[in-house]
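Shown next, in structure tokens, is the structure this report addresses.
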Amino acid sequence: MQQILNGVFSGSIYALFAIGFTLVFGVLDRLNLAHSAVFTASAFIGIELVVRGDLPIWLAIPAVAVFGAILGIVIERVAFRPLADRNDAHFAGLISSIAVGGMFIALLQARYGPDTQRFPPDTFPATAFEFAGARITLLQIVILGVAFGLMFALAYLVNSTSLGRAMRAVAESPRAARVLGINVDRVTSTTFALSSALGAVAGVLLALNVNTARMDMGFAIELKGLAVIIVGGMGSLRGAMIGGLLLGLTEVFAVQYIGSSWRDVIAFGLLFAILLVRPQGMFGVRRLREV
């Protein structure tokens with residue numbers, strides 16, 4: 001039971017990060033590789049808001065979400081919009097987002113240096129509970145509640161609101177959406193803002209969970225996020241959620257029964273096996289290629 005709970009806690013953070021990834025891809029058919037830089041930057045900003053800004057963590061998390069949303073708009077305006085009319089806009093935007101993400105990391109290094117940053121010991125109460133023989137901390141419960149709350153809120157927004165209908169229309173055909181009177185540029189900016197806000201919150205939650213923020217923390221989770229959205233089904237929010245939880249559980253059980261050095265081998269091996277059986281991912285749809 002303890003390992004299941006640990007896997008769900010870490011998997012919920014993976015899922016939150018991956019959902020931000022897949023939101024931009026599903027709506028705009030763009031892969032934003034600056035997403036991991038937003039994840040990293042937000043962890044550092046969250047720590048600074050608590051340490052130097054003297055903000056309680058329950059105020060710092062929404063502030064970091066706003067910060068992430070602003071970064072998302074900057075990424076869209078700088079890395080993607082100027083290249084939107086190119087024939088190779090998908091590939092050019094991907095490369096441009098890598099460059100923008102590298103700039104963000106360079107600015108972080110200039111601001112914070114190479115040292116690891118940590119939250120103060122009293123940032124969150126060290127309350128713990130016993131459940132079915134497993135130990136659960138109040139922090140883990142809050143992380144789980146925030147992660148799942150944001151995931152279900154995003155699912156409701158996409159499926160049941162006017163903004164969500166506009167997103168789905170843009171995902172189907174930006175040209176047709178313009179004809180219908182939808183402001184495609186506004187929907188695009190909003191999508192990037194929501195995506196980066198989710199990535200920002202995931203960064204703070206991970207930093208809280210392990211009480212560590214490092215410059216390279218985004219690189220490992222970026223690879224895992226890509227794996228999750230491919231296995232879950234490109235563009236599928238439900239697939240990203242379930243794929244993140246599956247990855248978290250697989251990692252925890254691999255460490256428990258095989259060894260920590262085999263964690264990534266087992267986790268990515270399982271994801272690869274799923275793709276062999278179902279190439280479009282768990283919740284993806286096969287696309288017909290017209291020739």
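Remember, it's a predicted structure, so these values are computed and weren't measured experimentally.
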Practice task
Could you tell me whether a side-chain N or O of Asn211 sits under 3.5 Å from a main-chain N or O of Arg118, the two making a donor and an acceptor?
Solution key: no
Practice task
Keeping the roles fixed (side chain from Asn209, backbone from Leu205), state whether a donor-acceptor pair exists under 3.5 Å.
Solution key: no
Completion exercise
In this structure, CG of Leu154 is separated from CE of Met241 (nearest 0.5 Å) by 8.5 Å
Handout entry: Nearest-0.5 Å distance that lies between atom CD in Gln140 and atom CG in Leu5
Key = 7.5 Å
Practice task
Look at the side-chain heavy atoms of Ile, Leu, Val, Met, Phe, Trp and Tyr, link any pair under 4.5 Å apart, and say whether Leu245 and Leu226 land in one connected group.
Solution key: yes
Handout entry: Exam field: side chain Ser96 to backbone Ala92, donor-acceptor pair closer than 3.5 Å
Key = no
Exercise for the section: Decide yes or no for Val170 and Met167: does some side-chain heavy atom of the first lie under 4.5 Å from some side-chain heavy atom of the second? Expected result: no
Practice task
Please name the pair of heavy atoms, one in Arg178 and one in Asp185, separated by the smallest distance, quoted to 0.1 Å.
Solution key: NH2-OD1, 3.6 Å
Exercise for the section: Under the side-chain contact (heavy atoms from CB on, under 4.5 Å) rule, what do Leu249 and Val252 come out as? Steps first, then yes or no, please. Expected result: CA-CA 5 Å; Leu249 288 168; Val252 165; 5.9 Å; no
Exercise for the section: Could you tell me whether the side chain of Ser97 and the main chain of Leu94 form a donor-acceptor pair under 3.5 Å? Expected result: yes
Exercise for the section: For atom CD of Glu172, decide whether the heavy atoms of other residues, nucleotides or ligands shown that lie under 6.0 angstrom number more than 12. Expected result: no
Problem - pair Glu222-Leu33: side-chain heavy atoms closer than 4.5 Å - result: yes
Exercise for the section: Report yes or no: does Ser195 contribute a side-chain atom to a donor-acceptor pair with the main-chain N or O of Thr191 at less than 3.5 Å? Expected result: no
Exercise for the section: Examine distances only and state if a side-chain atom of Thr40 and a backbone atom of Gly218 form a donor-acceptor pair shorter than 3.5 Å. Expected result: yes
Exercise for the section: Anything under 30° is parallel, anything over 60° is perpendicular, the rest tilted; go ahead and classify Phe39 against Phe17. Expected result: perpendicular
Side-chain donor/acceptor pairs under 3.5 Å, residues 41-70, sequence neighbours excluded:
residue	atom	partner	partner atom	Å
Ser42	OG	Val38	O	2.7
Glu48	OE1	Tyr112	OH	2.3
Glu48	OE2	Arg111	NH2	2.5

Problem - Min side-chain heavy-atom separation Phe80-Phe192 under 4.5 Å - result: yes
Practice task
Please indicate whether Phe129 has more than 12 foreign heavy atoms, meaning atoms of other residues, nucleotides or ligands, lying under 6.0 Å from its CZ.
Solution key: yes
Handout entry: From CA spacing to verdict: side-chain contact (heavy atoms from CB on, under 4.5 Å), Leu150, Val201
Key = CA-CA 9 Å; Leu150 288 175; Val201 174; 3.6 Å; yes
Exercise for the section: Measure the OG1-NE2 distance between Thr22 and His35 for me, rounded to the nearest 0.5 Å. Expected result: 10.0 Å
Completion exercise
d(Leu138 CG, Thr127 OG1) to nearest 0.5 Å is 5.0 Å
Practice task
Could you point out which residue of Leu198, Val228, Leu194 forms a side-chain contact (heavy atoms from CB on, under 4.5 Å) with Ile19?
Solution key: Leu198
Handout entry: Test item: Val27 and Arg168 side chains (from C-beta on) under 4.5 Å apart, heavy atoms
Key = no
Practice task
Kindly say whether Pro120 contributes a backbone atom to a donor-acceptor pair with the side chain of Thr123 at under 3.5 angstrom?
Solution key: yes
Problem - Cluster overlap Phe148 with Ile229, hydrophobic side-chain contacts below 4.5 Å - result: yes
Practice task
Check whether any side-chain heavy atom of Ile141 sits under 4.5 Å from a side-chain heavy atom of Thr137, and report yes or no.
Solution key: no
Handout entry: Gap between atom CG of Leu31 and atom CZ of Phe21 - 0.5 Å precision
Key = 5.5 Å
Practice task
Please tell me if the side chains of Val142 and Phe124 come closer than 4.5 Å, counting only heavy atoms from C-beta onward.
Solution key: yes
Validation: residues 6-15 side-chain donor-acceptor distances under 3.5 Å, sequence neighbours left out:
residue	atom	partner	partner atom	Å
Asn6	OD1	Gln2	NE2	3.2
Asn6	ND2	Gln2	O	3.3
Ser10	OG	Asn6	O	3.2
Ser10	OG	Gly7	O	3.3
Ser12	OG	Val8	O	3.4
Ser12	OG	Phe9	O	2.6
Tyr14	OH	Lys224	NZ	3.1
Tyr14	OH	Glu251	OE1	2.7

Exercise for the section: Using the rule that two of Ile, Leu, Val, Met, Phe, Trp, Tyr join whenever any of their side-chain heavy atoms come within less than 4.5 Å, decide whether Ile98 and Phe91 are in one cluster. Expected result: yes
Handout entry: Within-4.5 Å side-chain heavy-atom neighbours: Arg77 and Ser189
Key = yes
Fill in the blank from the handout: d(Thr116 OG1, Met215 CE) to nearest 0.5 Å is 9.0 Å
Exercise for the section: Report yes or no: do Val158 and Leu180 belong to one cluster of Ile/Leu/Val/Met/Phe/Trp/Tyr joined by side chain heavy-atom distances under 4.5 Å? Expected result: no
Exercise for the section: Determine whether Met217 and Phe219 fall in the same hydrophobic cluster, where Ile, Leu, Val, Met, Phe, Trp and Tyr are linked whenever their side-chain heavy atoms lie under 4.5 Å apart. Expected result: no
Practice task
Report yes if the side chains of Glu130 and Arg135 come closer than 4.5 Å at any heavy-atom pair, otherwise no.
Solution key: yes
